[in-house]
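In each ligand, atom 1 is the first atom listed, and ligand 1 is the first ligand listed. FYI, the numbering just counts along the sequence from 1. The analysis underlying the following values was restricted to heavy atoms, covering all of them including side chains, and did not include hydrogens, waters or symmetry mates.
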Amino acid sequence: MAKISIVMGSDSDMPVMAKAAAVLDELGISYEMRIISAHREPNEFFEYAKTAEARGVKVIIAGAGMAAHLPGMCAALFPLPVIGIPMHTTSLGGRDSLYSIVQMPSGIPVATVAIGGGANAALLAAKILAVSDPELLERLKMYSENMKAQVVAKDARLQMTGYKGYGK
Ligand code: RP5
């Protein structure tokens with residue numbers, strides 16, 4: 001049973017939402033992934049969000065762009081945590097998405113990550129699950145250790161090569 005639901009308003013959001021899925025894959029967390037538009041198919045959206053709890057979903061990661069109502073409407077209908085990912089947009093640089101998602105009225109929170117922040121949305125969802133899952137918590141600690149090791153290795157390389165020989 002999927003504990004996390006990844007939902008996006010359009011397949012144009014996929015490059016960002018794929019980053020969230022990749023992190024969950026790496027951490028061994030089951031998830032469902034859906035394309036559902038709150039604006040273009042409101043009845044299907046309502047059904048999805050109203051039944052998520054009964055399907056066993058514990059956290060929803062919702063990504064949307066422009067007048068991005070999908071995360072907020074998930075939070076209105078789903079009683080557990082919702083994490084919102086604002087998409088970058090060409091017209092307003094993603095500020096439209098960010099403000100639409102982050103400026104929720106009191107009582108209906110959406111934990112909003114950075115514009116295009118797919119990986120952090122997945123990590124936040126994993127940390128929420130880890131509150132009651134000690135094995136997942138250990139995997140998250142290992143994830144952090146691996147990140148640290150990568151920075152240490154990069155610095156060691158820089159010390160060896162100097163900036164001119166560092167390359168990429
Ligand atoms: C939103 O409108 C979607 O989340 C997407 O970011 C944006 C544009 O959708 P498309 O026109 O690319 O389908 O609902």
Ignoring hydrogens and angles, tell me if any N or O in the side chain of [X] forms a donor-acceptor pair with the backbone of [Y] under 3.5 Å.
| X | Y | answer |
| --- | --- | --- |
| Arg157 | Tyr166 | yes |
| Glu41 | Ser37 | yes |
| Thr112 | Gly84 | no |

Open item on the list: Taking the side chain as everything from C-beta on, heavy atoms only, tell me whether Phe45 gets closer than 4.5 Å to His39.
Closed with: no

Task: Any N/O pair Ser12/ligand 1 closer than 3.5 Å - done: yes

Task: Short N or O distance, Gly65 and ligand 1, threshold 3.5 Å exclusive - done: yes

Task: Separation between CG of Leu27 and CZ of Arg139, rounded to the nearest 0.5 Å - done: 7.0 Å

- [ ] Just jot down the ligand 1 atoms closer than 4.0 angstrom to any heavy atom of Asp13, in number order.
- [x] 3 (C), 4 (O), 5 (C), 6 (O)

Task: Subset of ligand 1 atoms that lie under 4.0 Å from at least one heavy atom of Gly9 - done: 3 (C), 4 (O)

List the closest protein heavy-atom neighbour of [atom]: residue, atom name, distance to the nearest 0.1 Å.
| atom | value |
| --- | --- |
| atom 11 (O) of ligand 1 | Arg40 NH2, 3.1 Å |
| atom 8 (C) of ligand 1 | Met66 SD, 3.9 Å |
| atom 10 (P) of ligand 1 | Ser10 OG, 3.4 Å |

Open item on the list: Heavy-atom contact check, 4.0 Å cutoff: does His39 meet ligand 1?
Closed with: no

TODO: Using a cut-off of 6.0 Å, state whether more than 12 heavy atoms not belonging to Glu47 lie near its atom CD.
DONE: no

